[in-house]
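Ligands are counted one by one from 1 in listed order, and the atoms in each one are counted from 1 as well. Below, each value reflects all heavy atoms present in this structure, side chains not excepted, and no hydrogens, waters or symmetry copies.
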Amino acid sequence: MTETPSIVILTGAGISKESGLDTFRDSDGIWAKVRIEDVATPEAFARNPSRVQEFYNARRAGLKDPKVAPNAAHEALARLEREWPGEVLLVTQNIDDLHERAGSRNLIHMHGELLKVRCEYCDALLEWDDALSTATPCPHCGRKGGMRPHVVWFGEMPLGMDTIYEKLDTCGLFVSIGTSGNVYPAAGFVQHVRYRGLAHSVELNLEPSQGATLFAEVILGPATEIVPAFVDRILKDGVPEAA
Ligand code: BJW
């Protein structure tokens with residue numbers, strides 16, 4: 001008897017767009033309003049920590065807006081995890097908590113989490129839903145000036161990479177949802193899977209990503225429509241043979 005194939009799903013900002021959160025590289029996205037060099041590098045934080053804290057404080061506060069809630073795409077992925085008889089690993093580049101709120105549990109936030117902060121002095125990692133400033137003392141070691149958002153900036157190592165590559169190496173299906181394929185290492189996952197040749201690969205996106213031609217299958221449309229339909233199909237028909 002053959003084993004049930006495991007599934008790895010990569011999500012990006014596009015899955016949260018219909019929940020009211022901005023993407024990065026769309027014409028109305030975050031990088032059209034602020035410069036990466038000012039808010040999303042370790043150098044920016046060293047140069048002007050208050051500016052960086054303000055940027056993430058505003059986004060953390062935005063998560064508390066009652067209008068920001070998981071959508072049908074987040075919910076469909078949580079259903080897939082509950083109902084698929086094999087393992088479903090969700091790897092998200094998003095720092096919002098909408099996958100958790102929808103019920104996903106086997107989840108890696110490879111670019112960090114907005115609702116966590118850490119201390120650069122003592123490495124304490126803490127849940128945090130409030131504003132942070134350069135004067136905030138670390139609740140663990142008491143020192144000021146070392147508290148930073150628990151996010152992965154350009155030039156920093158994404159989180160959970162050993163587990164992610166281990167699961168990519170053994171999965172039977174790799175699905176990429178709502179990501180433009182501009183940022184590595186996530187943008188390279190499809191190539192990694194295709195090179196191994198043992199998994200089917202599917203992109204679900206509003207528009208084709210940078211690496212769309214590398215996927216065996218591409219389905220275009222808004223996430224709230226195409227993700228639930230795709231999950232229904234996988235639960236009904238199973239995972240296609242690698243192509
Ligand atoms: C919809 C939709 C709807 C809209 N329905 N879809 C040269 C070559 C190769 C690599 C490098 C290089 N120079 C430097 C690098 C490395 C660098 C990198 O990739 N740079 C590129 C710009 C070239 N990467 C790094 O530095 C990373 N670290 C690293 O590489 O460490 C070394 C290492 C080596 C080997 C192995 C492992 C590690 C760190 C990257 C950190 C990224 N950080 C950010 C910000 C922090 C978090 C935050 O503030 O939120 O993460 S940048 C930003 O981009 C954020 C996102 O997670 C990330 C990806 O964006 P995403 O999700 O793809 O969003 P968009 O806006 O780009 O796309 C949205 C998509 O949704 C679009 O396709 C739309 O069509 C779609 N969409 N509405 C469905 N309704």
Do [X] and [Y] pair up side chain to side chain, a donor and an acceptor below 3.5 Å, judged on atom types alone?
| X | Y | answer |
| --- | --- | --- |
| H150 | E127 | no |
| T92 | H111 | no |
| T224 | N71 | no |

So, D232 and R79, do they make that salt bridge, N to O below 4.0 Å?
->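 Judged by the 4.0 Å cut-off on N to carboxylate O distance, D232 and R79 do form a salt bridge.
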Is there a side-chain contact between [X] and [Y], using heavy atoms and a 4.5 Å cut-off?
| X | Y | answer |
| --- | --- | --- |
| H200 | E217 | yes |
| D97 | L114 | no |
| V231 | E83 | no |
| P5 | C171 | no |
| L126 | M147 | yes |
| V91 | T11 | no |
| V175 | L204 | yes |

Give yes or no for whether the N/O distance cutoff of 3.5 Å, strictly under, is met between [X] and ligand 1.
| X | answer |
| --- | --- |
| F55 | no |
| F24 | yes |
| E156 | yes |
| A13 | yes |
| E18 | yes |
| Q93 | yes |
| M157 | no |
| N205 | yes |
| G178 | yes |
| I15 | no |

In the protein, which heavy atom is nearest to atom 24 (N) of ligand 1, and how far is it?
-> Y184 O, 3.0 Å
Which atoms of ligand 1 sit under 4.0 Å from any heavy atom of I95?
->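 The atoms of ligand 1 under 4.0 Å from a heavy atom of I95 are 47 (C), 48 (C), 49 (O), 50 (O).
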Counting each atom of ligand 1 from 1 as listed, which ones have a heavy atom of W153 under 4.0 Å away?
-> 39 (C), 41 (C)
Contact with ligand 1 for R59, non-hydrogen, under 4.0 angstrom | yes
Proximity flag G29 to ligand 1, non-hydrogen atoms under 4.0 Å |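 Contact check G29 vs ligand 1: negative.
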Return the orientation label for the F215 and F174 ring planes: parallel under 30°, perpendicular over 60°, tilted otherwise.
->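 Plane angle under 30°, so parallel.
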Y165 vs F189 aromatic rings, parallel, tilted or perpendicular, using cut-offs 30° and 60°?
->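 Y165 and F189: perpendicular rings.
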Sub-4.0 Å protein heavy atom near [atom]:
| atom | value |
| --- | --- |
| atom 8 (C) of ligand 1 | no |
| atom 16 (C) of ligand 1 | no |
| atom 12 (C) of ligand 1 | no |
| atom 41 (C) of ligand 1 | yes |
| atom 59 (C) of ligand 1 | yes |
| atom 79 (C) of ligand 1 | yes |
| atom 35 (C) of ligand 1 | no |
| atom 2 (C) of ligand 1 | yes |

Using a 4.0 Å heavy-atom threshold (strictly under), name the region of [X] that reaches ligand 1: side chain, backbone, both or neither.
| X | value |
| --- | --- |
| N182 | backbone |
| K17 | side chain |
| T23 | both |

Among [options], closest by any non-hydrogen atom to [atom]:
| atom | options | result |
| --- | --- | --- |
| atom 51 (O) of ligand 1 | M161, H111, H109 | H111 |
| atom 44 (C) of ligand 1 | V152, V183, D96, T92 | V152 |
| atom 65 (P) of ligand 1 | S180, S19, G155, S16 | S180 |

Let me know which of D28, D22, D38, D26 forms a salt bridge (charged side-chain N to carboxylate O under 4.0 Å, His left out) with K33.
-> D22
Partner of H109 under side-chain hydrogen bond (donor to acceptor under 3.5 Å, both in side chains), chosen from H99, E100, Q93 = E100
Relative to W153, does R148 satisfy both conditions: NZ or CZ under 6.0 angstrom from the six-membered ring centre, and within 45 degrees of the ring's axis?
-> yes
